[in-house]
Amino acid sequence: MSSNSFAKAQRTLKRASSLVQRASFAAMGRAMSHAKTVLGKEIRTEYAIKARRARSAITAKRVKASGSTQAEILVRGGNLLASEFSLRPKTDTTGGRRKAVRLGIRKGGVQRVDKGFVSRGVLLRRKGSKSYPIEPVFGPAVPGMAANEHVVDAVQSDFKETYERRLEHEISRLMNKG
């Protein structure tokens with residue numbers, strides 16, 4: 001083996017190493033984007049929440065330092081008002097239009113809210129037997145919904161599968177590119 005062919009082999013291996021890093025970074029970005037989508041869908045399979053509310057709380061972040069393969073999906077937000085979930089009726093239940101108020105936070109069932117009423121689209125509850133004080137009713141926060149073990153398992157398995165598939169694709173794309 002001549003020194004010229006040895007140097008050529010070294011350059012090829014060095015190029016392959018950088019291609020794998022680039023492919024890994026690209027595959028991670030695509031897998032994170034898909035994981036965000038799956039996270040929103042999985043939250044919606046368990047909870048009666050609008051997709052827009054779930055998506056708005058989810059962000060993805062990659063470290064763009066050279067050679068870094070760190071990424072995280074952040075889910076932020078406080079407790080949501082009960083009106084964000086399945087609330088019946090949605091119209092006011094005050095005055096002469098009094099009706100029982102039912103609330104469903106998880107999919108598949110609604111429960112009656114004792115001492116609850118809807119005013120201007122917000123579910124309120126009386127603290128005692130008197131008219132006042134009243135307080136708004138809250139449901140869980142989106143981070144709490146995302147921490148559900150069924151949701152976490154589904155997102156992790158999907159991320160792993162997507163990352164492996166995309167990594168293979170990105171490596172073959174970069175190698176064929178030239």
Side-chain angles (χ1 to χ4, degrees), residues 5-87 90 103-111 121-123 135-178:
S5 63
F6 183 72
K8 186 176 179 181
Q10 276 186 323
R11 282 194 309 269
T12 304
L13 287 175
K14 188 180 265 187
R15 180 177 176 263
S17 173
S18 71
L19 287 179
V20 169
Q21 278 186 337
R22 283 179 28 203
S24 176
F25 194 73
M28 183 177 300
R30 185 67 176 96
M32 281 185 44
S33 173
H34 192 286
K36 279 176 52 177
T37 302
V38 170
L39 181 58
K41 285 181 181 178
E42 287 297 320
I43 287 173
R44 294 219 353 105
T45 60
E46 294 282 327
Y47 297 92
I49 184 175
K50 291 180 174 69
R52 174 180 40 96
R53 278 307 257 166
R55 277 195 314 262
S56 67
I58 302 168
T59 57
K61 182 177 164 186
R62 288 188 293 179
V63 176
K64 292 193 177 183
S66 105
S68 175
T69 57
Q70 293 181 354
E72 60 186 0
I73 295 177
L74 301 171
V75 185
R76 294 185 176 151
N79 288 9
L80 302 176
L81 285 172
S83 55
E84 297 285 337
F85 298 93
S86 178
L87 177 65
K90 290 188 179 285
L103 174 65
I105 292 177
R106 283 188 172 260
K107 288 242 174 140
V110 292
Q111 294 179 343
V122 177
L123 177 59
E135 61 185 4
V137 177
F138 290 95
V142 177
M145 293 181 237
N148 181 319
E149 69 180 61
H150 296 107
V151 174
V152 171
D153 291 343
V155 171
Q156 283 179 342
S157 66
D158 190 77
F159 179 83
K160 182 181 176 187
E161 178 186 317
T162 305
Y163 177 74
E164 290 170 356
R165 190 175 62 243
R166 294 302 299 183
L167 182 62
E168 185 178 313
H169 169 78
E170 291 292 336
I171 288 173
S172 66
R173 183 183 67 84
L174 289 172
M175 292 298 254
N176 293 335
K177 189 175 179 181

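Along the sequence shown, residues are numbered consecutively beginning with 1.
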Taking all non-hydrogen atoms of both residues into account, name the closest pair between [X] and [Y] and its distance.
| X | Y | answer |
| --- | --- | --- |
| Gly121 | Ser83 | O-CB, 3.2 Å |
| Ala141 | Gly78 | CB-O, 3.3 Å |
| Ala71 | Arg62 | CB-CG, 4.1 Å |
| Gly139 | Asn79 | O-CB, 3.4 Å |

### Task
Give the C-alpha distance, both sets of side-chain angles, the deciding distance and a yes or no for side-chain contact (heavy atoms from CB on, under 4.5 Å) between Glu161 and Arg165.
CA-CA 6 Å; Glu161 178 186 317; Arg165 190 175 62 243; 3.4 Å; yes
### Query
Does Ala154 offer a backbone N or O that forms a donor-acceptor pair with the side chain of Ser157 under 3.5 Å?
yes
### Within 6.0 Å of NZ in Lys107, more than 12 heavy atoms from elsewhere
yes
Under 3.5 Å, which donor-acceptor pairs do the side chains of residues 24-39 form with other protein atoms, sequence neighbours left out?
residue, atom, partner, partner atom, Å
Ser24, OG, Tyr163, OH, 2.8
His34, ND1, Asp158, OD2, 2.7
Thr37, OG1, Ser33, O, 3.3

Report yes if the side chains of [X] and [Y] come closer than 4.5 Å at any heavy-atom pair, otherwise no.
| X | Y | answer |
| --- | --- | --- |
| Glu170 | Arg173 | yes |
| Ile58 | Leu74 | no |
| Ser86 | Val110 | yes |
| Leu174 | Arg22 | yes |
| Leu123 | Leu103 | yes |
| Leu80 | Phe85 | yes |
| Asp153 | Val155 | no |
| Val142 | Ile49 | yes |

Nearest-0.5 Å distance that lies between atom [atom1] in [X] and atom [atom2] in [Y]:
| X | Y | atom1 | atom2 | answer |
| --- | --- | --- | --- | --- |
| Thr162 | Leu167 | OG1 | CG | 12.0 Å |
| Ile43 | His150 | CD1 | NE2 | 14.5 Å |
| Lys61 | Ile73 | NZ | CD1 | 13.5 Å |
| Asn148 | Thr45 | CG | OG1 | 8.5 Å |

### Task
Take Arg106 and Glu46 through the salt bridge (Lys or Arg N to Asp or Glu O under 4.0 Å) test and state the conclusion after the steps.
CA-CA 6 Å; Arg106 283 188 172 260; Glu46 294 282 327; 3.2 Å; yes
